[in-house]
Structure formats: C-alpha cells, structure tokens
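A short write-up of the structure that comes next.
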Amino acid sequence: MAVNETNTAVKSQENTHQNTLTFEDQVIKKIAGIAANEIKGILSMSGGFMSGLTDRFRSTEDITKGINAEVGEKQVALDLKVIVEYGKNVPAIFSETVNNVKKSVHEMTGLEVVEVNMHVEDVMARSEFEAKTDRDKEQSQNVILNKI
C-alpha cells in the first residue's frame, strides 16, 4: 500500500531535523468517500461484484468501496465509481463532487487533488435504491445468522 509523505525540514544551529507526515491510501480514500457521499444525488459508491459480496459479511458499508487513489508526495488522483439518483443532473453532481472532494482532502491533508474521475455505474430511483439496500441488509443478517 502506498504511503504519502510530506517532508518538513526544521533547522537549528546544531542539527537539522527531518519531520515527516504520511497518509495511508486508505485515509485519502475514506476522506474522498465521505465527501462524495455528502452530495445530494449520489446514492452510493459502487465497488462492483466482489465488493458487493464482501459487504454482505460486514455490519456497515465500506465508505471506501468504489474509490481508487493514487497518492504522491504532494498530489492525489482519485477515481470514483458511483450510483446516482434518477432524475438528477449528473454533470452538476459531478462538479459538486469534484469541488467537495478536493476541498475536503486538501483541508485535512494539505495535499492537492489534481484529478477526480467519476464513473456512473448505475442510475436508480431513491425508492428502488432504498428497497435494494433493505433487501441486502436482510440477506446479510440471514447469512450471518446461518453461520452462527
């Protein structure tokens, strides 16, 4: 797993100390996931088939699913896979998501987000999404109970 490093040199008369601040990729992905989920019109991040399987064995949804991050020393590039709400303006959702993700990552880490790519994997009515989420939770609980 890549780690972002920000170096700061502190000079004194006798010694030079190298201070380092680093971030795991997972931290950047989590910040981006929380920021993206704050946007009205994004119903969920979409992690694909394998992520869906592993989510069934968890009690909570993984906020980082559907997010890939390339973290450099001072910059970040992000790829987001999302499910958007039917009837919403997707270009406006994209613009708001990019702005919120860039702002959140920069404010928390000092890193510059140089690229945000958003791939819409599905479009659902809110009621359809909520019904699917309820079914998935019920199936997860049944799977867990059957293992006990």
Side-chain angles (χ1 to χ4, degrees), residues 1-9 18-148:
M1 190 176 282
V3 176
N4 171 50
E5 296 184 8
T6 303
N7 296 321
T8 306
Q18 193 74 18
N19 300 316
T20 304
L21 174 62
T22 61
F23 299 95
E24 291 289 336
D25 286 2
Q26 197 70 6
V27 171
I28 304 302
K29 290 165 61 173
K30 193 169 193 177
I31 294 167
I34 292 169
N37 277 299
E38 291 175 346
I39 306 303
K40 289 183 181 175
I42 291 184
L43 295 174
S44 178
M45 305 308 288
S46 177
F49 177 73
M50 287 308 290
S51 179
L53 283 178
T54 57
D55 278 348
R56 291 184 181 208
F57 299 104
R58 292 188 185 129
S59 59
T60 59
E61 184 177 351
D62 179 9
I63 194 75
T64 64
K65 81 174 182 180
I67 302 174
N68 289 318
E70 291 183 30
V71 182
E73 286 186 29
K74 297 183 189 237
Q75 298 178 327
V76 178
L78 295 160
D79 294 322
L80 313 174
K81 294 179 183 177
V82 300
I83 299 172
V84 296
E85 185 175 355
Y86 175 79
K88 301 295 182 182
N89 181 324
V90 177
I93 291 169
F94 174 65
S95 179
E96 193 175 344
T97 301
V98 169
N99 291 334
N100 201 41
V101 166
K102 284 183 171 187
K103 178 179 170 258
S104 296
V105 170
H106 182 71
E107 285 180 355
M108 290 191 70
T109 66
L111 298 173
E112 176 189 11
V113 178
V114 294
E115 183 179 330
V116 177
N117 300 304
M118 188 169 87
H119 177 74
V120 178
E121 289 209 337
D122 203 354
V123 175
M124 295 179 153
R126 182 167 292 280
S127 59
E128 176 188 10
F129 176 75
E130 289 170 352
K132 181 184 179 307
T133 302
D134 290 344
R135 276 193 315 272
D136 289 349
K137 284 181 183 176
E138 188 176 306
Q139 288 175 351
S140 296
Q141 290 172 346
N142 289 338
V143 167
I144 291 169
L145 290 175
N146 287 336
K147 290 197 178 252
I148 295 177

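Both backbone and side-chain heavy atoms feed into the values below; hydrogens, waters and symmetry mates do not. Note that the structure is a prediction, hence the values are computed from the model and not measured.
Rounded to the nearest 0.5 Å, atoms NZ (Lys132) and CZ (Arg135) are 7.5 Å apart. Atom CG of Leu111 and atom CD1 of Ile31 lie 8.5 Å apart (nearest 0.5 Å). The NE2 atom of His119 sits 7.0 Å away from atom NZ of Lys81, with the distance rounded to the nearest 0.5 Å. Here Leu78 contributes atom CG and Glu115 contributes atom CD; the two are 9.0 Å apart, rounded to the nearest 0.5 Å.
Scanning for side-chain hydrogen bond (donor to acceptor under 3.5 Å, both in side chains) contacts around Glu128 gives an empty result, with sequence neighbours left out.
Using a 4.5 Å heavy-atom threshold, the side chains of Leu43 and Arg126 count as touching. Side-chain contact check for Lys65 versus Ser44: some heavy-atom pair is nearer than 4.5 Å.
Considering Asn89, Val120, Asp122 in turn, Val120 is the only one that fulfils the side-chain contact (heavy atoms from CB on, under 4.5 Å) rule with Val84. Of the residues Thr109, Thr22, Ile28, Val27, the one that meets the side-chain contact (heavy atoms from CB on, under 4.5 Å) test with Val71 is Ile28.
Sparse packing is recorded around CD of Glu70, with 12 or fewer heavy atoms of other residues, nucleotides or ligands lying under 6.0 Å away. Atom CE of Met108 sits in a sparse spot, with 12 or fewer heavy atoms from other residues, nucleotides or ligands closer than 6.0 Å.
Of all the heavy atoms in Ile67 and Ile63, the pair that sits closest is CD1-O, 3.7 Å. Scanning all heavy atoms of the two residues, the minimum distance from Ser46 to Ile83 falls at CB-CG1, 4.0 Å. Leu80 and Met45 make their closest contact through CB-CE, 3.9 Å (heavy atoms, listed as atom of the first residue, atom of the second, distance).
Sorted by first then second residue, the side chain to side chain donor-acceptor pair (under 3.5 Å) pairs that include residues 95-106, not counting sequence neighbours, are Glu38-Asn100.
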